[in-house]
Amino acid sequence: MAKTNTIENLFISLAIYSDLLPLLCFCAFFSKLKGDLVTRILVGYILFDFIINLGLIYFIPAKFHNRTYPVFTLVETLLFAAFFYQVIKNTLTRKKVLYLTVIIAVAFLAYYYYAYFATRQRHVLDSIPIGFETILIFIFTFLYFYEQLNDTTELFIYTKPHFWCVLGILIYLSGSFFIYIFANQITIEELGQFWIITNIVSIIKNLFFTLAFFLQARLAGRKGPQKYNLYSTN
């Protein structure tokens with residue numbers, strides 16, 4: 001049991017402090033990355049994630065955790081939506097991202113008012129909003145990959161920094177989806193047994209963000225991007 005707790009605590013620490021990897025990469029290439037809006041959005045998210053996680057572990061009493069999670073879910077949703085709004089180029093698709101985000105944000109606020117103020121429910125986790133957040137980001141991910149499949153100017157999608165960001169977000173949300181959904185239907189002890197999965201996917205997300213920042217810095221250092229066209233327009 002002691003060994004299991006040690007491993008769990010190790011992954012908790014790794015999940016929290018792995019946020020520092022992309023932040024350090026951003027600082028190392030600050031002159032090349034400071035002008036990229038997409039990078040700045042993700043840096044804002046990573047800083048927010050790091051501060052909230054530190055607060056939950058060291059500063060915020062356990063009885064207030066269920067009031068902190070809604071703030072995190074709402075802000076995370078808005079920042080992820082802002083990221084997709086920037087990396088998706090099609091005007092009509094961007095409008096869809098904007099409208100869906102506004103609808104979801106309003107729905108979240110209405111739900112939080114009803115659950116936490118009107119009926120004063122005290123859930124362990126805001127599972128319903130997290131579920132809708134995941135579905136929303138899955139939709140945005142589909143729209144992103146659909147646009148990339150129809151983009152003939154780039155031969156290798158994995159050379160694009162934002163591809164790794166999208167992949168990191170996708171793994172992070174899908175890996176913890178069912179744990180969050182059933183969090184209020186199982187005991188705290190059972191939830192703790194599965195929580196290591198959320199820590200692992202969080203670490204993977206941060207590794208992919210770090211890779212994306214590094215690739216973005218390399219692209220910014222070039223005189224001009226190399227374009228490939230699979231189909232001749234002549």
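In what follows, residues are counted from 1 in the order of the sequence shown.
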Indicate, with yes or no, if [Y] and [X] share a hydrophobic cluster defined by side-chain heavy-atom contacts under 4.5 Å among Ile, Leu, Val, Met, Phe, Trp and Tyr.
X: Y58; Y: F11; answer: yes
X: I103; Y: I137; answer: no
X: L98; Y: F80; answer: yes
X: L37; Y: L23; answer: yes
X: I128; Y: Y114; answer: no

Is the [X] to [Y] ring centre distance short of 6.0 Å?
X: F26; Y: F30; result: yes
X: F72; Y: F48; result: yes
X: W164; Y: F214; result: no

Examine distances only and state if a side-chain atom of [X] and a backbone atom of [Y] form a donor-acceptor pair shorter than 3.5 Å.
X: R94; Y: I88; value: yes
X: S202; Y: T198; value: no
X: E147; Y: K89; value: yes
X: T187; Y: E190; value: yes

With the side chain counted from C-beta on, respond yes when [X] and [Y] share a heavy-atom pair under 4.5 Å apart, and no when they do not.
X: I171; Y: F208; answer: yes
X: I204; Y: Y172; answer: no
X: L215; Y: F163; answer: no
X: V201; Y: L173; answer: no
X: K32; Y: R218; answer: no
X: F50; Y: Y17; answer: yes
X: L109; Y: L74; answer: yes
X: L207; Y: L211; answer: no

Would you call the rings of [X] and [Y] parallel, tilted or perpendicular, where under 30° means parallel and over 60° means perpendicular?
X: Y144; Y: H162; answer: perpendicular
X: F84; Y: F140; answer: tilted
X: F142; Y: Y146; answer: parallel

Pair F213-I46, side chain to side chain contact (heavy atoms under 4.5 Å, CB included): steps then yes or no: CA-CA 12 Å; F213 288 2; I46 296 166; 4.1 Å; yes
Between [atom1] of [X] and [atom2] of [Y], what distance do you get to the nearest 0.5 Å?
X: I16; Y: I52; atom1: CD1; atom2: CD1; result: 12.0 Å
X: I200; Y: L14; atom1: CD1; atom2: CG; result: 10.0 Å
X: I130; Y: T73; atom1: CD1; atom2: OG1; result: 4.0 Å
X: L42; Y: L79; atom1: CG; atom2: CG; result: 8.5 Å
X: S13; Y: I57; atom1: OG; atom2: CD1; result: 8.0 Å
X: Y112; Y: F117; atom1: OH; atom2: CZ; result: 12.0 Å

If you take all heavy atoms of [X] and [Y], which pair is closest and at what distance?
X: F194; Y: I179; value: O-CD1, 3.3 Å
X: Q193; Y: E8; value: CA-OE2, 4.4 Å
X: T210; Y: C25; value: O-SG, 3.8 Å
X: N206; Y: S18; value: ND2-OG, 2.7 Å
X: I60; Y: H65; value: O-NE2, 3.0 Å
X: A217; Y: L33; value: N-CD2, 3.6 Å

For T77, all residues meeting side chain to side chain donor-acceptor pair (under 3.5 Å), sequence neighbours excluded: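 For T77, no residue satisfies side chain to side chain donor-acceptor pair (under 3.5 Å) once neighbours in sequence are set aside.
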For N184, all residues meeting side chain to side chain contact (heavy atoms under 4.5 Å, CB included), sequence neighbours excluded: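 With sequence neighbours excluded, N184 shows a side chain to side chain contact (heavy atoms under 4.5 Å, CB included) to H123, V124, L125, S127, given in chain and number order.
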Salt bridge flag under 4.0 Å for residues R67 and D126: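 Looking at R67 and D126, the cut-off is not met.
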Steps toward side chain to side chain contact (heavy atoms under 4.5 Å, CB included) verdict (N90, L143): CA-CA 10 Å; N90 182 272; L143 294 175; over 6 Å; no
Remaining members of hydrophobic cluster (4.5 Å side-chain criterion), F177: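 F178, I181, F182, listed by chain and number.
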